[in-house]
Amino acid sequence: MSDGYISGLENVIASETNISYLDVEKEEIVVRGYDLIELAQNVTYLDIVGLLLDGALPNPDERLSIEEKLKSEYGLPPNVNAILQLLPEQADFMDVLRTGISAIASYDVDLEDRSREANTRKAIRLLAKVPEIVANGYRAQTKQPFIDPNKELSYTANFLYLITGRVPTKMEEAIFDQSLIVYSEHEMPNSTFAARVIASTQSDLYGALTGAVASLKGTLHGGANEAVMAMLLEAGSEANLEALILNKLTKKERIMGFGHRVYMKKADPRALLMKEALAELALDKNQLELYNMCVLGEEVMKREKNLHPNLDYYAAPVYYLLGIPIELFTPVFLAARTIGISAHVIEQHDNNRLFRPRVHYKGPRDLHPPQQSGHLSRKDE
């Protein structure tokens, strides 16, 4: 630290918020006054949508109204689907998602309205359309036909249906819904901070969310869930997984899915919830070896590095067993987080001050250019 400089803004307070807080000492993720884990065990993702947008949990009629509003906004403009189909096959799926969100922005009649009411309408439209961008982007890249949204299904079941092409079981729907909740909001990670910085310029919600997608694409923020699943598949068995982890540690390679910038020495409570979900799903699908592999990996990392798993470690195999392609793990993360980011952008617009930090300058001083070198004269020669 020098002259107030803190690398990476470690523990620097950047905003006041009524949305959420990571209470490390109590091991609690507070969302609008509620424990996120308790919410995930007792309510649905649409309840979280109401809570984050309106500040209170919706009653049954209000929850139904939220779902009806979402379903009324289903469907992407044909030109947007055409744009997704024009992207090259090698495009990263987060880039596809970023492009899709940018493309739908110009179709929103409320785009330039920063009022809370207009921002709330935009948030609902994004929540309705981002899952379809995720699914259609993947289908365009893999040359599969698009699937129309099924309004007979719940919001969560429809999201999974758009990706997999099959109606999920009640268990799959419930577990996927719970995963959306635990990914929905997490205080001030890089992507949310990026969105608030963009919003502070009075840019629109779509622009802020697009910036968040770009942030989440980075390997130090998003992508850990995909890397976890790649490691599990590479190992293939419990015995191989321990050897693989130990070999990576010997090479000083980072083991994705472990440790967290905020939690540090304590377990991510979301990971524990997804661990329970994985046990249930693995038993149902006769994939207990995958669950056992994950438990072993957790034990190895605790023994060797005293590190705990974060959410991505157990969410990855959950998504894998739900039939979600590995390339879509991070786009699904962003889709779930869309509501949290939207809430932060709305809060930023409601009480805005432009972010304009300073730097700790370490470069040279008092340099002078050579006289007349390359100088353009104002006089005619």
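Note: hydrogens, waters and symmetry copies are ignored here, and every other heavy atom, side chains too, is used. Residue numbers count from 1 along this sequence.
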Spacing of [atom1] belonging to [X] relative to [atom2] belonging to [Y], to within rounding of 0.5 Å:
X	Y	atom1	atom2	result
Ile175	Glu276	CD1	CD	11.0 Å
Leu87	Asp95	CG	CG	9.0 Å
Asn119	Ile346	CG	CD1	5.0 Å
Glu289	Leu232	CD	CG	11.0 Å
Glu226	Met94	CD	CE	8.5 Å
Ser342	Ile124	OG	CD1	9.0 Å

Linked, directly or transitively: [X] and [Y] (ILVMFWY side chains, under 4.5 Å):
X	Y	answer
Leu51	Val30	no
Tyr74	Leu64	no
Ile83	Leu97	no
Phe146	Val332	no
Ile198	Val213	no

Walk me through it: do Lys248 and Glu304 pass the test salt bridge (charged side-chain N to carboxylate O under 4.0 Å, His left out)?
CA-CA 12 Å; Lys248 285 179 176 292; Glu304 298 294 327; over 6 Å; no
Quick one, Met188 with Leu22, criterion side chain to side chain contact (heavy atoms under 4.5 Å, CB included). Give me CA distance, side-chain angles, the key distance, then yes/no.
CA-CA 9 Å; Met188 196 65 77; Leu22 304 186; over 6 Å; no
How close do [X] and [Y] get, heavy atom to heavy atom, and via which atoms?
X	Y	answer
Ala123	Leu205	N-CD2, 3.7 Å
Gly257	Ala224	N-CB, 4.4 Å
Leu84	Gln141	O-OE1, 4.1 Å

Salt-bridge contact [X]-[Y] (side-chain N to carboxylate O under 4.0 Å):
X	Y	answer
Glu16	Arg353	no
Arg114	Glu112	yes
Arg32	Glu185	no

Does [X] [atom1] have over 12 foreign heavy atoms under 6.0 Å away?
X	atom1	answer
Arg356	CZ	no
Asn286	CG	no
Glu152	CD	no

Just do the side chain to side chain contact (heavy atoms under 4.5 Å, CB included) check on Met231 and Ile245 with the steps written out, would you?
CA-CA 9 Å; Met231 180 181 70; Ile245 291 176; 4.3 Å; yes
Is there side-chain contact between [X] and [Y], with at least one heavy-atom pair below 4.5 Å?
X	Y	answer
Glu299	Leu296	yes
Pro131	Asn158	no
Arg63	Asp47	yes
Ser184	Leu36	yes
Ile324	Leu160	yes
His186	Arg270	yes
Glu38	Glu28	no
Ile104	Leu126	yes

What residues form a side chain to side chain contact (heavy atoms under 4.5 Å, CB included) with Ala243, not counting sequence neighbours?
none
Run the side chain to side chain contact (heavy atoms under 4.5 Å, CB included) test against Leu233 and tell me which residues pass, sequence neighbours left out.
Met229, Tyr320, Ile326
Do you know which of Lys122, Arg121, Arg125 makes side-chain hydrogen bond (donor to acceptor under 3.5 Å, both in side chains) with Asp108?
Arg125
Hydrophobic cluster mates of Leu162, side-chain heavy atoms under 4.5 angstrom, ILVMFWY only, any path?
Ile147, Leu153, Tyr161, Val167
Using the rule given for side chain to side chain contact (heavy atoms under 4.5 Å, CB included), can you reason through Thr164 versus Leu322, listing the C-alpha separation, both sets of side-chain angles and the distance that settles it, and then say yes or no?
CA-CA 9 Å; Thr164 66; Leu322 288 173; over 6 Å; no
Steps toward side chain to side chain contact (heavy atoms under 4.5 Å, CB included) verdict (Lys217, Thr330)
CA-CA 8 Å; Lys217 179 188 176 184; Thr330 307; over 6 Å; no
Would you please say whether a donor-acceptor pair under 3.5 Å links the side chains of Thr44 and Asp177?
no
Which of parallel (below 30°), tilted (30 to 60°) and perpendicular (above 60°) describes [X] and [Y]?
X	Y	value
Tyr319	Tyr183	tilted
Phe355	Phe193	perpendicular
His360	Tyr5	parallel

